[in-house]
Amino acid sequence: MRAVIQDVFQALLAVLIPLAAFTTGLQAPKPGRDQARLWRRPRQLARDLVAVLILVPLWVVAVVLVLPLSPAVRAGLLIAALAVGIGPVAALKRMGPATPAAREALDLNLIVLLISLAFVPIAFAALAALYHSDVHIGVGAVAKVVLGRALVPLLLGLGAARLWPRFAVSAGPVLLKIVNVALLVLLLAAVALTWKLLAGVSAIGWLACALVAFGAIVIGHLMGGPDPGTRAVVAAASVMRFPALALALATVTRQARQLIPVIVAYVVTSFVLLTVYGLVMSRRRRARRAPAPPLRATPRPA
């Protein structure tokens, strides 16, 4: 039974990343006249990249240095932090494909995916040298996942949306539902595959996952600029990173059995905290939009 679950997990991982990337491109909004693309706003782009590529990894390094974690937990958290790219596709559904936040998310995904081709192997090489670790991930392994499973399908989805807009309108929502269900099945398969090992993450390991996720949300929120929609995009990209890429990269290492449970624990923790963050931000937006109660006229004294 365990072998069947493992085969299902590997198959879902191989299929889900390209499907999610294609669906992201297919659901991508057209550029609006009221908002310049992210690469035409260098100041905001720099803030986003500093948050995702520099501040969050530094925060993770600080957490794993301070807390007494096992080598597997340290390595798993670092892989989860350094695996950058496409954030959760379900966010496009929540934001709506025509909103400025969705356009911001798409642009940030494209830019970070391209940067990840060089960023991920360089960052892993630097950390391996720093920690004297034998967890090495080469450029070829990263390029195989990023190009073959993420970037090319994303560009194909963008092209299909431009060439066949009716197909995108009809098939996009259906594919999005399939991706969301497949993501849930993938997470359940990962939990079923590693549920015994999840206990081995230990309480301090789960605490580290929560600290890393909370700090990443705060960093993304603060660096996202004054617009609430942009803040939500950068916060999601900062905390969720690219979970499927993290799992795929963990499987090519010799420590996959120890690393995958840590990544699953981080994904679960970050998803819960990101959901709480979204609820808090939604309440704040509703409170701001709520009309002020009418002023009652004070009766004049007779």
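In this text, all values refer to a predicted model and were calculated from it rather than measured experimentally.
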Applying side chain to side chain contact (heavy atoms under 4.5 Å, CB included), run through Val239 and Leu273 and close with a yes or a no. CA-CA 9 Å; Val239 66; Leu273 291 180; 5.9 Å; no

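We find the CZ-CE distance between Arg231 and Met281 to be 6.5 Å, quoted to the nearest 0.5 Å. How far CG of Leu158 is from CZ of Phe22: 9.5 Å, rounded to the nearest 0.5 Å. A distance of 11.5 Å separates CD1 of Ile54 from CD1 of Ile219, quoted to the nearest 0.5 Å. For the atom pair CG (Asp48) and CG (Leu53), the distance works out to 10.0 Å, reported to the nearest 0.5 Å. Here the straight-line distance linking atom OG1 of Thr230 with atom CZ of Arg41 works out to 6.5 Å at 0.5 Å rounding.
Both Tyr266 and Leu65 sit in one connected hydrophobic cluster of ILVMFWY residues. Membership requires side-chain heavy atoms under 4.5 Å apart, directly or through other members. A continuous path of Ile, Leu, Val, Met, Phe, Trp and Tyr side chains, each step under 4.5 Å between heavy atoms, connects Leu19 with Phe167, placing both in one hydrophobic cluster. Val272 and Val218 are not part of a single hydrophobic cluster, where members link through side-chain heavy atoms under 4.5 Å apart. In the hydrophobic clustering of ILVMFWY residues, with side-chain heavy atoms under 4.5 Å counting as a link, Val66 and Leu207 come out apart. Connection of Val61 to Val50 is established within a shared hydrophobic cluster, with ILVMFWY side chains joined at heavy-atom distances below 4.5 Å, either directly or through further cluster members.
Between Thr269 and Phe214 the shortest side-chain heavy-atom distance does not fall below 4.5 Å. Using a 4.5 Å heavy-atom threshold, the side chains of Val169 and Trp164 count as separate. Using a 4.5 Å heavy-atom cutoff, the side chains of Val112 and Ile115 are not in contact. Contact annotation: the side chain of Cys209 approaches that of Leu77 to within less than 4.5 Å [non-hydrogen atoms, C-beta and beyond]. At a threshold of 4.5 Å between non-hydrogen side-chain atoms, the residues Ile178 and Thr23 do not count as touching. A heavy-atom distance below 4.5 Å is found between the side chains of Leu82 and Pro57. Put simply, the side chain of Leu49 reaches to within 4.5 Å of the side chain of Ile111, judged on heavy atoms.
The shortest heavy-atom contact between Leu211 and Trp59 is O-NE1, 3.1 Å. Of all heavy-atom pairs between Ser238 and Ala216, the closest is CB-O, 3.4 Å. Between Ile263 and Ala246, the closest heavy-atom pair is CD1-O, 3.5 Å. Considering all non-hydrogen atoms of both residues, Ile204 and Leu69 come closest at O-CD2, 3.7 Å. The minimum heavy-atom distance between Val234 and Ala51, with the atom names listed, is CG1-CB, 4.2 Å. When every heavy atom of Gln44 is checked against every heavy atom of Gly224, the shortest pair comes out as NE2-O, 3.4 Å.
Under a 3.5 Å cut-off, the side chain of Arg241 and the backbone N or O of Ala81 do form a donor-acceptor pair.
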